Participant: 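One structure coming up, written as structure tokens, with questions to follow.
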Amino acid sequence: LDERDVVIFPETIGGKWVTLHRPMQWHGKGFPSEQPAIWIAATDDVLGWKQLKLLAKAEFEWEKKVGANNPPLRTPHGWLQIYHAVGPDKHYRLGALLLDLQDPFKVTHRTRRPIYEPVADWETKGLYNGVCFPCGHAVLNGVYHLYYGGGDVVCGLATASLDDLVDALLKQPVV
């Protein structure tokens, strides 16, 4: 199995380890998504991730295929998950999900528009043009720091108030 974007949650939930995946072969005919998507699994045996379930697939015009990036971040309102989407123009854009704290198999909120997209020359021109691919994150004094690769050449840093980011997500519930 060609596994991409495998991300493990930073703590167990209900006594189980939870991971996000993007198996490249699991799309198209016979699958619930036409393009690569984000799958989720939970297990008490970290060597066996056998029960994967589709968590999120491309839903908006700026998304063709989607994948998880950083480990989800626990907030009072849910697990914050930044994800990347490759659009029809083959450029990467970032979106955000909130997953239920007790049941991360449930997406409660999702951005409908990108929260970040490549615009600087060092993001739009590189080994791969139009890339902003998250690689790590931290929260310092209430500021969310997102470290990402630009153009597959350099590292960038985007910041936002964590409260503002979560508040924006809370205005976009999944129906």
Side-chain angles (χ1 to χ4, degrees), residues 1-74 78-118 123 126-137 146-152 155 169 172 174-175:
L1 185 63
D2 183 356
E3 277 276 30
R4 306 269 175 105
D5 309 328
V6 178
V7 176
I8 192 164
F9 279 62
E11 61 188 73
T12 59
I13 302 170
K16 295 193 178 283
W17 292 102
V18 181
T19 53
L20 303 175
H21 302 254
R22 191 180 80 187
M24 285 302 289
Q25 296 95 331
W26 290 12
H27 67 278
K29 187 176 180 180
F31 290 95
S33 178
E34 288 299 312
Q35 296 292 329
I38 303 170
W39 294 71
I40 189 169
T43 185
D44 51 8
D45 172 13
V46 293
L47 298 178
W49 302 95
K50 297 177 178 79
Q51 302 296 319
L52 275 76
K53 177 185 174 206
L54 182 66
L55 179 70
K57 63 182 180 178
E59 292 185 15
F60 306 109
E61 72 281 348
W62 57 279
E63 303 172 329
K64 185 173 178 185
K65 61 181 180 176
V66 298
N69 295 104
N70 304 311
L73 177 68
R74 177 190 271 277
W79 292 100
L80 172 62
Q81 177 62 55
I82 303 300
Y83 70 95
H84 71 274
V86 179
D89 60 359
K90 297 188 180 173
H91 283 209
Y92 283 63
R93 291 169 180 84
L94 306 182
L97 306 169
L98 268 182
L99 310 177
D100 186 87
L101 282 175
Q102 303 307 313
D103 180 8
F105 283 69
K106 181 180 178 188
V107 177
T108 60
H109 299 79
R110 183 175 182 172
T111 54
R112 290 168 181 77
R113 291 191 161 137
I115 61 170
Y116 193 83
E117 61 186 297
E123 296 167 325
L127 291 175
Y128 193 91
N129 298 331
V131 172
C132 54
F133 192 90
C135 304
H137 61 179
L146 179 68
Y147 301 90
Y148 66 95
D152 273 3
C155 290
L169 256 171
Q172 302 176 69
V174 172
V175 226

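Predicted, not measured: the structure shown is a model, and the values here were computed from it. Sequence positions, counted from 1, serve as the residue numbers for this chain.
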Participant: Return yes if some donor-acceptor pair links the side-chain N/O of Q81 with the main-chain N/O of N70 below 3.5 Å, else return no.
Facilitator: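 It does hold such a pair.
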Participant: Would you say that F60 contacts R112 through its side chain, given a criterion of any heavy-atom pair below 4.5 Å between the two side chains?
Facilitator: yes
Participant: Mind checking the NE2-CH2 spacing from H27 to W39? Nearest 0.5 Å is all I need.
Facilitator: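 The distance works out to 11.5 Å.
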Participant: Measure the OH-NE2 distance between Y148 and H84 for me, rounded to the nearest 0.5 Å.
Facilitator: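 Taking OH in Y148 and NE2 in H84, the distance rounds to 15.5 Å.
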Participant: I'd like to check the side chain to side chain contact (heavy atoms under 4.5 Å, CB included) partners of K64; sequence neighbours left out, ordered by chain and number.
Facilitator: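 Side chain to side chain contact (heavy atoms under 4.5 Å, CB included) check on K64 returns Q35.
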Participant: For residues R22 and A37, report the shortest heavy-atom separation together with the two atoms involved.
Facilitator: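 Residues R22 and A37, closest heavy atoms: CG-O, 3.0 Å.
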Participant: Hey, could you give me the CG/CG distance between L98 and L73, rounded to the nearest 0.5 Å?
Facilitator: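 Atom-to-atom, L98:CG and L73:CG are 10.0 Å apart.
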Participant: Less than 4.5 Å apart, side chain to side chain, heavy atoms only: is that true for I115 and I82?
Facilitator: yes
Participant: Should the heavy atoms of other residues, nucleotides or ligands under 6.0 Å from CD of E11 be counted, would the total exceed 12?
Facilitator: yes
Participant: Nearest 0.5 Å, please: how far is CG in D44 from OG1 in T12?
Facilitator: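 Separation between the atoms: 10.5 Å.
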Participant: Count the heavy atoms belonging to other residues, nucleotides or ligands that lie under 6.0 Å from CZ of R74, then report whether that count exceeds 12.
Facilitator: yes
Participant: Quick one: closest heavy-atom pair of K57 and P32, and the distance?
Facilitator: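 Nearest pair, atom of K57 first, then P32: NZ-O, 3.0 Å.
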Participant: Do D100 and F105 come within less than 4.5 Å of each other through their side chains, counting heavy atoms only?
Facilitator: no
Participant: CH2/W79 to CD1/I13 distance, rounded to the nearest 0.5 angstrom?
Facilitator: 5.0 Å
Participant: How long is the straight-line distance from OG1 of T111 back to OH of Y83, given to the nearest 0.5 Å?
Facilitator: 4.5 Å
Participant: State, to 0.1 Å, how close I8 and P71 come at their nearest heavy-atom pair, and which atoms those are.
Facilitator: O-CB, 3.6 Å
Participant: Who are the ring-ring contact (aromatic ring centres under 6.0 Å, His included) partners of H137, not counting sequence neighbours?
Facilitator: Y144
Participant: Looking at the rings of F133 and Y128, which for Trp means the six-membered one, are their centres under 6.0 Å apart?
Facilitator: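 No, the ring of F133 stays outside the 6.0 Å limit from the ring of Y128, centre to centre.
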Participant: Locate the shortest heavy-atom distance separating Y92 from V131; write the atom from each residue and the value.
Facilitator: CD1-CG2, 3.8 Å
Participant: What heavy-atom pair brings V66 and A56 nearest, and what distance separates the two atoms?
Facilitator: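 Minimum heavy-atom separation between V66 and A56: CG2-O, 3.6 Å.
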Participant: Would you say V7 and P72 make side-chain contact, with heavy atoms under 4.5 Å?
Facilitator: yes
Participant: Restricting to non-hydrogen atoms, name the atom on P104 and the atom on L55 that form the minimum distance, rounded to 0.1 Å.
Facilitator: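 Here P104 and L55 meet closest at O-CD1, 3.6 Å.
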